[in-house]
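These notes are about the structure you will find just below.
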Amino acid sequence: MSELDLLVVGDVNADLVLRGGDLVPAFGQHEQLVDSASLVLGGSAAIVAAGAARLGLRVAIAGCVGDDVLGRAMLGALASVDVSAVRVVAEPTGITVALARPGDRAILTALGALASFTADDVPAELLASARWVHVAAPFLQPALDVAAIAERAAGTTSLDPGWDPSERWELAWEGFDVLLPNAQEAEQLAASGPGVVVKLGAEGARCGDLRVAAPRVDTVDATGAGDSFDAGFITARLAGEDLPAALALGCACGALSTRAPGGTAGQPTLAEARTFSA
């Protein structure tokens with residue numbers, strides 16, 4: 001892809017989102033009913049890529065999926081994104097089961113193909129041509145050397161760490177221009193400074209002493225809201241907008257994405273997001 005705005009590096013997997021009032025699994029072969037279920041495009045990287053493309057950026061993604069029904073479905077869901085750098089491997093496509101109830105989620109992930117992804121899988125020509133390179137969910141891709149991606153990227157770089165299931169929090173994030181954690185992740189990484197943008201969910205986002213509120217919407221599902229924030233923030237910065245405007249657009253994109261089940265169905269167009277970030 002020529003004149004590439006954004007290269008997203010990271011996880012492409014399926015999300016099975018189960019929603020209900022009290023989703024606490026009961027072992028002992030107890031049958032429980034949930035209110036609804038959605039099998040949708042998942043993975044922090046995939047949701048960022050889809051959101052940025054929806055906002056009008058020229059986007060490519062690098063990652064790994066399995067040669068299976070889920071892998072083909074996830075690539076099909078990224079119709080507006082260049083997926084030529086997504087490698088198909090023998091392992092099954094990764095899958096996340098999210099148990100979502102009002103205000104909270106429990107997340108269970110089988111890595112599958114995600115564990116096969118390495119920095120060598122990311123084409124050098126894409127790293128050299130992209131105006132911005134964003135890396136997502138490194139803790140779910142244990143073979144991925146994020147420092148190597150930051151070193152090889154020609155454009156601006158950002159990293160969304162996601163949660164570390166091992167809770168060791170060993171991550172070489174200092175080589176990136178922007179770190180995009182949520183509040184819990186920022187605390188675990190002891191991350192602070194002018195390049196650290198902390199997502200605060202429904203309360204907005206902050207960077208240093210600057211804080212921006214999120215618009216209020218009727219939330220259906222908060223899956224991927226932080227990833228939609230990333231897409232909005234990156235879009236604004238690539239357009240030359242200042243930090244307050246970028247935080248505001250990110251907050252608008254994150255909030256609007258919660259209007260529908262899954263991480264991408266509610267993602268806004270740029271025009272729509274602008275009306276909520278003014």
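Not a single donor-acceptor pair under 3.5 Å links the side chain of Q188 to the backbone N or O of Q184. A donor-acceptor contact shorter than 3.5 Å links the side chain of R152 to the backbone of V122. The main-chain N or O of S166 is found under 3.5 Å from a side-chain atom of D164 such that the two form a donor-acceptor pair. Distance alone, capped at 3.5 Å, places no donor-acceptor pair between the R274 side chain and the T269 backbone. When atom types are taken as modelled, the side chain of N13 and the backbone of I95 share no donor-acceptor pair closer than 3.5 angstrom. At least one donor-acceptor pair under 3.5 Å links the side chain of T258 to the backbone N or O of A255. In this structure a side-chain-to-backbone donor-acceptor pair under 3.5 Å is present from Q32 to V24.
The cluster map of Ile, Leu, Val, Met, Phe, Trp and Tyr, joined by side-chain heavy atoms under 4.5 Å apart, puts L140 and V65 in different clusters. By the criterion of side-chain heavy atoms lying less than 4.5 angstrom apart, applied directly or through intervening Ile, Leu, Val, Met, Phe, Trp or Tyr residues, W132 is grouped together with L247 in one hydrophobic cluster. Residue L111 is not grouped with residue W163 when hydrophobic side chains (ILVMFWY) are merged at heavy-atom distances under 4.5 angstrom, including chains of intermediate members. One hydrophobic cluster, built from ILVMFWY side chains closer than 4.5 Å, cannot hold both L55 and V48; they sit in different ones. Cluster membership for L41 and V83, using ILVMFWY side-chain heavy atoms within less than 4.5 angstrom, is shared.
Minimum heavy-atom separation, P92 to D68: CA-OD2, 3.3 Å. The two atoms that bring C253 and S228 nearest to each other are CB-O, 3.4 Å, heavy atoms only. G63 and F117 get closest at one heavy-atom pair: CA-CE1, 3.6 Å. The minimum heavy-atom distance between L126 and A85, with the atom names listed, is CD1-CB, 3.8 Å. Here the shortest heavy-atom pairing between G162 and E185 reads C-OE2, 3.1 Å. Nearest heavy-atom pair across P161 and F139 is O-CD1, 3.4 Å.
Proximity of V86 to C64: side-chain heavy atoms (C-beta onward) are nowhere separated by under 4.5 Å. Between C207 and P194 there is no side-chain heavy-atom pair separated by less than 4.5 Å. Within the 4.5 Å cutoff, side-chain heavy atoms of I234 are placed close to those of H134. You'll find the side chain of V178 reaches within 4.5 Å of the side chain of F233, heavy atoms only. L200 is listed as a side-chain neighbour of R211, based on a closest heavy-atom distance under 4.5 Å. P261 places none of its side-chain heavy atoms less than 4.5 Å from the side chain of V40. Between L39 and L70, the closest side-chain pair of non-hydrogen atoms falls below 4.5 Å. Under the 4.5 Å side-chain criterion, counting only non-hydrogen atoms from C-beta, V198 is not in contact with N182.
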side-chain contact (heavy atoms from CB on, under 4.5 Å) evaluation trace for E3 with R131: CA-CA 8 Å; E3 299 182 345; R131 297 170 60 206; over 6 Å; no

Step-by-step side-chain contact (heavy atoms from CB on, under 4.5 Å) determination, F229 to L249: CA-CA 8 Å; F229 174 97; L249 187 64; over 6 Å; no

side-chain contact (heavy atoms from CB on, under 4.5 Å) assessment of V135 paired with T157: CA-CA 8 Å; V135 180; T157 58; over 6 Å; no

Audit row: T118, D120, side chain to side chain donor-acceptor pair (under 3.5 Å) steps and yes/no: CA-CA 5 Å; T118 74; D120 291 336; 4.6 Å; no

Stepwise side-chain contact (heavy atoms from CB on, under 4.5 Å) check, L171 with L189: CA-CA 8 Å; L171 181 65; L189 290 167; 4.2 Å; yes

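We find that D35 and R19 are not joined by a salt bridge, their nearest charged nitrogen and carboxylate oxygen being 4.0 Å or further apart. Checked for salt-bridge contact, K199 and D230 meet the test: a charged N lies under 4.0 Å from a carboxylate O. Salt bridge present: D67 and R72 bring a charged side-chain N and a carboxylate O closer than 4.0 Å. Taking a cutoff of 4.0 Å between a charged side-chain nitrogen and a carboxylate oxygen, D218 and R259 do not qualify as a salt bridge.
Distance check, rounded to the nearest 0.5 Å: CG of D221 to OG of S38 gives 7.5 Å. From L114, atom CG reaches atom CG of L144 across 10.5 Å, with rounding to the nearest 0.5 Å. Taken from SG in C251 to CZ in R206, the straight-line distance is 12.5 Å, to the nearest 0.5 Å. In this structure, OG1 in T96 is found 8.5 Å from CG in L108, a value given to the nearest 0.5 Å. Distance check: L180 CG to D160 CG gives 6.0 Å after rounding to the nearest 0.5 Å. Residue I61 holds its CD1 atom at 11.0 Å from OG of S84, rounded to the nearest 0.5 Å.
No side-chain donor from either of S257 and Q267 sits under 3.5 Å from a side-chain acceptor of the other. Of the N and O atoms on the side chains of S44 and D11, not one donor lies less than 3.5 Å from an acceptor on the other residue. In this structure, a donor-acceptor pair under 3.5 Å is absent between the side chains of D177 and T156.
Other residues, nucleotides and ligands contribute more than 12 heavy atoms inside 6.0 Å of the CD atom of E125.
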